[in-house]
Amino acid sequence: MTIVAFAEKNKAAAQIASILGEGEVEKITVEGLPAYEFKWKGEEWLVMGLSGHIMNYDFPEQYNKWNEVNPGVLLGVDPQKLVTRADYAAAVKKLAKRANKIVLACDYDREGENIGFEAKTLSEEVTNVPIERARFSSLSPKEVKKAFESLIDPDYNMAMAAEARQILDLKMGAAFTRFVTLSVRERARTKDILSIGPCQTPTCGFVYEREKAIRSFQAKDFWKITAIFSAESGKEGDDFEGTHRAGNIHDKEKAAEIFKRLKGAKEGLVAKKAVKETKTSPPNPLNTTEFLKRASKFLGISPELALEVAEQLYLAGFTSYPRTETNKYADDFDFKSLVFDFARQKEYKPFAESILIAPIIPKNGEKDAHDHPPIHPIRAASRGEISSAVNIPQAPEVYDLIARHFLANLMPAAVFEKTHLHLLVQEEPFDSSGTVLKDSGWLEAYPFENKKDKLLPFVEEGQKVGIKKLSNTKSKTSPPKKLTEAELLTLMDKNRIGTKATAPTHIETNKKRGYLETKGKTISILDTGFTLMEGLSLTVPILVRPEIRAKIEALIQEVEDGKKEFEAALDEGTALIKEMYAQLEANKKDLTSSIAGTIKDEAALEDKKNYIGTCKACGHVLRIVQTDSGRFVGCTGYPDCRNSYPLPKSGALTVLRSKECKKEGVAVLKVGNKYNWAVGIGPCFTCDLEKECYPPETVGPCPECDGSMFLITFKDTRFLGCTKRCGYTHSVPKTGKLTLLDKTCETCGWKLFRLKEEGDSPEEEFCVNRRCAEGRKYWKKPGKGAETRIKEKASLSRSAASSAENPTVSSATNSATSPATRLTVTPTAEKNSKVLTAGLKKNKEKT
DNA sequence: GCAAGGTC
């Protein structure tokens with residue numbers, strides 16, 4: 001007779017085989033997967049480990065086209081269960097064919113029962129031999145043997161409870177996710193998925209609730225009356241602080257009144273002294289949640305990473321299985337040999353030795369989920385051993401935490417001596433207290449808990465003490481702090497969101513969706529997450545709270561308990577989801593507009609080229625919008641906010657971040673290379689402040705009058721003119737990119753120019769002034785003077801001169817790239833430029 | 001493409 005057993009995972013299969021086979025086990029390969037063959041009680045046994053679930057639900061193909069199926073339809077469709085691990089399915093069938101009996105030997109919990117049923121379903125496709133269940137609450141020899149000696153019937157109800165969960169989770173997740181994602185996409189262009197689920201959403205909800213509390217917090221003033229006393233013993237540490245018994249006084253008058261009564265006090269009386277010994281027990285053994293919380297709190301390691309490290313430590317044989325709800329050691333746990341092992345390891349030796357001198361009594365918790373023992377070390381190892389075996393930098397410290405936690409569990413309580421002094425100052429009561437660690441106990445091995453002494457000088461009852469200072473300090477109540485990841489895990493655990501193994505995943509999912517982010521140990525909600533939660537809590541409030549999970553959990557628990565048929569639970573669960581879906585649909589606009597707004601805001605903020613600023617009308621984001629019919633500045637709050645501003649029809653637009661409009665313009669844009677445009681106002685050259693905003697950048701003093709020379713650029717020529725319109729002009733190189741520098745010529749004081757000609761020619765920096773020795777050097781160079789020289793004394797015609805009265809030059813500072821200033825001509829000047837150049841030519845001709 | 005649950 002051949003009996004085939006299926007365990008939840010390979011490690012468990014190997015363990016079962018080695019227990020039952022008593023060392024005589026042959027490892028074989030089935031469809032490329034490991035299995036174990038041995039003889040037990042005269043029978044031929046084959047045990048194979050699965051890989052958790054090897055099947056999963058999904059909607060039939062035709063329902064997976066998001067744009068063709070109304071998401072609500074999914075609620076009326078039955079998802080199908082499909083094999084997701086074909087290799088395992090093939091191996092199961094192959095082994096089942098050989099079997100005279102099949103034993104399901106997965107973990108002892110709801111999912112384990114369900115995983116067993118996956119193997120059962122697949123087996124039944126190829127055989128009809130009896131299928132039984134071995135139920136063990138740990139992989140200890142005693143438990144495993146007992147389970148295999150007393151096989152029972154598989155628990156259909158338990159497996160179907162998990163089945164109902166799978167279907168309801170999928171229906172809800174898929175329908176809601178698609179609905180919200182597609183609705184938001186109608187209003188905002190995004191490829192992102194906005195997911196919703198019975199675990200991830202309440203997880204985000206916890207962070208949302210905290211954020212709301214922080215945002216709505218209103219600080220209140222309070223007063224605190226404190227005194228610095230002095231024992232006057234002449235020793236160091238004589239001073240100690242006392243607080244008036246009224247504590248935080250929220251009434252200013254009352255505080256002032258008390259403080260008045262204390263006025264002039266020079267001494268206080270120690271009316272009462274109480275010394276109390278308190279004991280602090282070691283923490284409970286680590287289950288997964290507690291482990292993840294401590295890894296985050298003490299080591300700053302994210303739950304996701306901590307679980308990964310623990311997994312690797314487990315696979316490398318250093319620590320026990322990391323996914324457990326149990327925080328209680330089994331009665332027959334062999335502490336002694338493990339502690340002996342630690343006594344040989346330098347870092348842990350003193351603690352191990354202290355444990356071994358007395359009978360070992362572990363500190364235990366109360367949860368025994370009959371799954372796996374608490375997370376504990378399997379053997380003592382050094383940092384070096386760990387880091388060479390597990391290639392994750394955090395592995396040694398995670399191992400150290402698990403090892404020290406284990407040892408601490410076996411050590412005595414820490415003893416503190418707490419002293420409380422009751423003092424009287426002019427009949428007003430003050431309190432002062434101190435704590436001293438008397439016996440460190442388990443804290444010796446556990447440096448993560450940092451308990452600092454607070455010392456008090458030695459004083460006796462009835463003794464008088466001096467007063468060095470009395471103060472009445474005003475403070476403000478502080479807002480709630482952001483959640484830490486450890487606190488979030490606690491909330492999830494308390495509210496039964498997710499399981500031991502999935503809590504980190506739910507946090508990760510929220511991060512991946514852009515709902516949450518972590519900074520160090522704290523976790524905060526991002527705008528998308530906040531608006532989504534806000535929208536949901538206004539339309540389907542239950543979704544944001546842990547009740548949603550609780551409701552589904554209650555339903556499937558009834559299935560597990562045999563109080564409700566599977567079909568009935570599915571119908572009820574689906575009805576609940578349909579009801580929520582209807583609420584969501586009815587409030588589609590309210591729900592999606594704010595989310596869409598946020599998404600658009602975020603995208604607009606990212607889009608540096610088009611970002612303009614904040615909309616004064618609604619607080620959303622203004623950006624340049626380009627459509628087929630033209631361009632304008634619009635608000636991401638559209639269509640609710642219709643705030644918009646026109647833009648010039650042509651010319652490349654550059655937002656000048658360093659420029660601020662002195663009027664009401666939202667931002668200043670550079671249009672082509674021509675002029676500037678204040679959003680909300682229009683072209684700067686029509687603004688009376690233009691000269692103030694864009695003063696002509698002068699080159700140096702005019703040699704003919706007390707004006708200054710500035711660069712005038714036209715389409716086909718450029719030269720220097722005088723701000724006083726005295727008629728003096730001066731030539732500049734006609735070709736190449738000309739930039740006015742901040743440097744000045746040491747000889748004449750004119751600013752230097754930089755010229756970059758087309759092609760490979762090097763940049764030149766020079767003085768342009770022909771009346772300066774420096775400048776003449778430049779013009780004398782071959783190819784500079786002859787062709788480019790224009791008549792220096794050419795005077796501007798009247799019309800040209802008058803055009804110069806208008807602001808003709810504006811500067812656009814490219815502050816990001818160079819301190820230099822580029823000079824450009826405004827259209828006003830351009831309009832006149834024909835006249836001006838004509839006049840110029842005339843002058844030329846004249847001479 | 002969607003959830004949550006196993007496991008690696």
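Proteins come first, then strands; the chains are lettered A, B, ... in the order of their sequence lines, and each starts at number 1.
Remark: aromatic rings of H405(A) and F291(A) are distant, center separation not under 6.0 Å. Ring pair F136(A)/Y108(A): centre-to-centre distance not below 6.0 Å.
Each of T203(A), N510(A), L488(A) was scored for a side chain to side chain contact (heavy atoms under 4.5 Å, CB included) with I523(A), with one residue passing: L488(A).
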TODO: In sequence, state the C-alpha distance, the side-chain angles, and the governing distance for L170(A) and F59(A), and then conclude on side chain to side chain contact (heavy atoms under 4.5 Å, CB included).
DONE: CA-CA 9 Å; L170(A) 174 62; F59(A) 288 103; 3.8 Å; yes

TODO: Start with the C-alpha distance between V398(A) and I386(A), add both sets of side-chain angles, then the distance that settles side chain to side chain contact (heavy atoms under 4.5 Å, CB included), and finish with yes or no.
DONE: CA-CA 10 Å; V398(A) 170; I386(A) 300 285; over 6 Å; no

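At a cut-off of 3.5 Å, with distance as the only test, no side-chain donor of H372(A) or E325(A) sits close to an acceptor on the other residue.
Annotation: cation-pi geometry not satisfied between K171(A) and F176(A) (NZ/CZ under 6.0 angstrom from ring centroid, within 45° of ring axis).
Shown for residues 558-579 of chain A: no residue has heavy atoms falling under 4.0 angstrom of DNA chain B.
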TODO: Using a 4.0 Å cut-off on protein heavy atoms (strictly under), produce a 5'-to-3' string for nucleotides 2-7 of chain B with B for base contact, S for backbone-only sugar-phosphate contact, and - for none.
DONE: BBBBBS

